[in-house]
> 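This is the structure I want to talk about, given as structure tokens.
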Amino acid sequence: MPDHLVLLLDAPLCAFGGDIIDAYGVVRDFPGRSTVTGLLANALGYDRANGVRLDRLQARLVLGSARAAEGRRVRDFQTARLGAGDRGWTTRGRIEGRSGGAATYDSPHIRYRDADADALVLVAFRLDPPEESPTLAEVEHALDRPERPLFAGRKPCLPSRPLLAGRVAADDVRTALERGLAACAAGEGRFRLHSSRARREPDGWPRSARPVRAQWPAGLEPGDLEPGERERRQEICDERDWVVGVHGGSRGVTEGRLSLPAQPRGDMP
């Protein structure tokens, strides 16, 4: 039975980026494969120039997630006035300037960025094959002592607690998610949540068990479904070609509901 690492993405704002169209930066309900790859790569100290290593890490990543608290979706309106002399660093490590006529700078730069406020998302993942470097133990160590700061999506989304909750042993990702939720409910070790999560309803931990939305890799057996429960298989594009620097490819996932146990006990200091 393979081990899975469990992350608790608990932050005032979470933003799991989706497809950006024009000035609108929308978010996904669940963190994508490229998002988690970037998070782990940050912890391991990988650089954007390590495209081959990033591609391999992404290919080995088997993950799923559950929205223990939905929170609420917010939209940030951002505007900036940029002049001809303004310059900035790019992801390519070069300074980029601006060009154009005088009228180019008459209007501000405007964009919209979505995020989820007060959400709590549990992520469970393993690496396949497990013996290849980085191993799950190496990733676990890196998450505890990351080379760079870690975020719940975009850089402004600072976590309110350490991201790594611990390990669970499970045959598949769906079972790992269920065991992670149960560990949170039992207040086990680093799975223990702050008491505010128990007080804040409906965005906090429930007083009694309830279903929550979750996503896991397609191809698993459906198992025992409750009456009226539905699972939906779909193809999503959440991978990145790290060598070329563009998003592409697709994978099959299943979206359904898992049982969220009753409220946890105790405080997390």
Side-chain angles (χ1 to χ4, degrees), residues 4-20 24-51 53-55 57-58 61 63-78 80 88-93 111-125 127 134 136 138-166 180 184 190-191 193-194 196-197 203 215 236 238-240 242 245-247 268:
H4 294 70
L5 290 184
V6 177
L7 309 180
L8 284 174
L9 305 184
D10 191 357
L13 288 176
C14 293
F16 312 126
D19 302 321
I20 295 181
Y24 293 90
V26 299
V27 292
R28 300 175 185 269
D29 293 337
F30 304 99
R33 207 174 186 185
S34 62
T35 300
V36 179
T37 298
L39 187 152
L40 301 183
N42 240 0
L44 290 162
Y46 287 7
D47 189 85
R48 284 180 178 271
N50 304 134
R53 298 174 72 186
L54 288 163
D55 274 343
L57 178 62
Q58 179 177 261
L61 191 60
L63 81 156
S65 51
R67 292 184 69 94
E70 288 287 350
R72 66 187 188 279
R73 189 144 296 175
V74 297
R75 173 162 291 177
D76 189 26
F77 172 71
Q78 302 174 352
W89 286 101
T90 66
T91 56
R92 300 181 299 278
R111 67 182 189 175
Y112 302 86
R113 290 295 182 266
D114 292 351
D116 287 333
D118 294 328
L120 173 62
V121 179
L122 184 145
V123 178
F125 70 90
L127 297 174
L136 204 64
E138 291 170 341
V139 172
E140 185 177 25
H141 177 79
L143 287 168
D144 260 339
R145 294 172 176 80
E147 291 288 335
R148 290 191 290 271
L150 305 180
F151 314 98
R154 298 194 189 109
K155 287 184 179 179
C157 302
L158 300 175
S160 57
R161 51 157 292 154
L163 297 183
L164 180 63
C184 288
R190 294 175 62 171
F191 285 90
L193 302 173
H194 193 272
S196 61
R197 278 293 176 191
D203 292 333
Q215 182 187 89
I236 62 173
D238 68 345
E239 298 181 350
R240 181 180 179 88
W242 294 91
V246 297
H247 287 273
M268 180 175 179

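None of the values given here were measured: they were computed from a predicted structure.
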> Looking only at heavy atoms, which two atoms of Tyr46 and Pro134 are closest? And how far apart?
OH-CD, 3.5 Å
> I'd like to check the side chain to side chain donor-acceptor pair (under 3.5 Å) partners of Asn50; sequence neighbours left out, ordered by chain and number.
none
> How long is the span from the CZ atom in Arg53 to the CD atom in Gln58, to the nearest 0.5 Å?
15.0 Å
> Do the non-hydrogen side-chain atoms of Trp242 and Leu57 ever get within less than 4.5 Å of each other?
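Not touching, per the 4.5 Å side-chain cut-off.
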> Any non-hydrogen side-chain atom of Pro31 less than 4.5 Å from a side-chain atom of Phe125?
no
> Can you name the nearest heavy-atom pair linking Pro159 to Phe151, along with the distance?
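Smallest heavy-atom distance, with atoms named: CD-CA, 4.3 Å.
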> Going by side chain to side chain donor-acceptor pair (under 3.5 Å), name the residues that satisfy it together with His247, two or more places apart in sequence or in a different chain.
Arg240
> Treating Thr35 as the side-chain partner and Gly153 as the backbone partner, does any N or O pair qualify as donor plus acceptor under 3.5 Å?
no
> Among all residues two or more places apart in sequence or in another chain, which pass the side chain to side chain donor-acceptor pair (under 3.5 Å) test with Asp238?
Arg251
> Listed by chain and number, what are the ring-ring contact (aromatic ring centres under 6.0 Å, His included) partners of Tyr112, not counting sequence neighbours?
Tyr24, Phe77
> Sequence neighbours left out, what passes side-chain contact (heavy atoms from CB on, under 4.5 Å) with Ala15? Give chain and number order.
Val27, Ala115, Arg154, Cys157
> For side-chain contact (heavy atoms from CB on, under 4.5 Å), just list the numbers for Leu13 and Asp76, CA-CA rounded to whole Å, side-chain angles, deciding distance to a tenth of an Å, and then say yes or no.
CA-CA 11 Å; Leu13 288 176; Asp76 189 26; over 6 Å; no
> For Glu138, give me all partners under salt bridge (charged side-chain N to carboxylate O under 4.0 Å, His left out), at least two apart in sequence or on another chain.
none
> Return the set of residues passing salt bridge (charged side-chain N to carboxylate O under 4.0 Å, His left out) with Asp55 (not counting sequence neighbours), or none when no residue passes.
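Asp55 satisfies salt bridge (charged side-chain N to carboxylate O under 4.0 Å, His left out) with no residue once adjacent residues are dropped.
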> Can you sort out the partners of Asp144 under salt bridge (charged side-chain N to carboxylate O under 4.0 Å, His left out), two or more places apart, ordered by chain and number?
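With neighbours one apart ignored, the set is Arg190.
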> Does any non-hydrogen side-chain atom of Val123 lie less than 4.5 Å from one of Leu163?
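No. Closest side-chain heavy atoms not under 4.5 Å.
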> Is any side-chain heavy atom of Val121 closer than 4.5 Å to one of Asp116?
no
> Should the pair Arg73-Asp29 be classified as a salt bridge under the 4.0 Å nitrogen-to-oxygen rule?
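A salt bridge links Arg73 with Asp29.
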> Looking only at non-hydrogen atoms, find the nearest pair between Asp114 and Val26 and report the distance.
OD2-CA, 3.8 Å
> Name each donor-acceptor pair under 3.5 Å that joins a side chain in residues 37-45 to protein atoms two or more places apart or in another chain, with its distance.
residue	atom	partner	partner atom	Å
Thr37	OG1	Arg33	O	2.7
Asn42	OD1	Arg148	NE	2.7
Asn42	OD1	Arg148	NH2	3.1
Asn42	ND2	Pro149	O	3.3

> With sequence neighbours left out, write down each residue that passes side-chain contact (heavy atoms from CB on, under 4.5 Å) with Glu147, or none if nothing qualifies.
none
> Measure the CG-CG distance between Leu164 and Leu7 for me, rounded to the nearest 0.5 Å.
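Here the rounded value is 6.5 Å.
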> I'd like to check Ile236 versus Gln215 (side-chain heavy atoms, cut-off strictly below 4.5 Å). Are they in contact?
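Side chain of Ile236 against side chain of Gln215, heavy atoms only: contact under 4.5 Å found.
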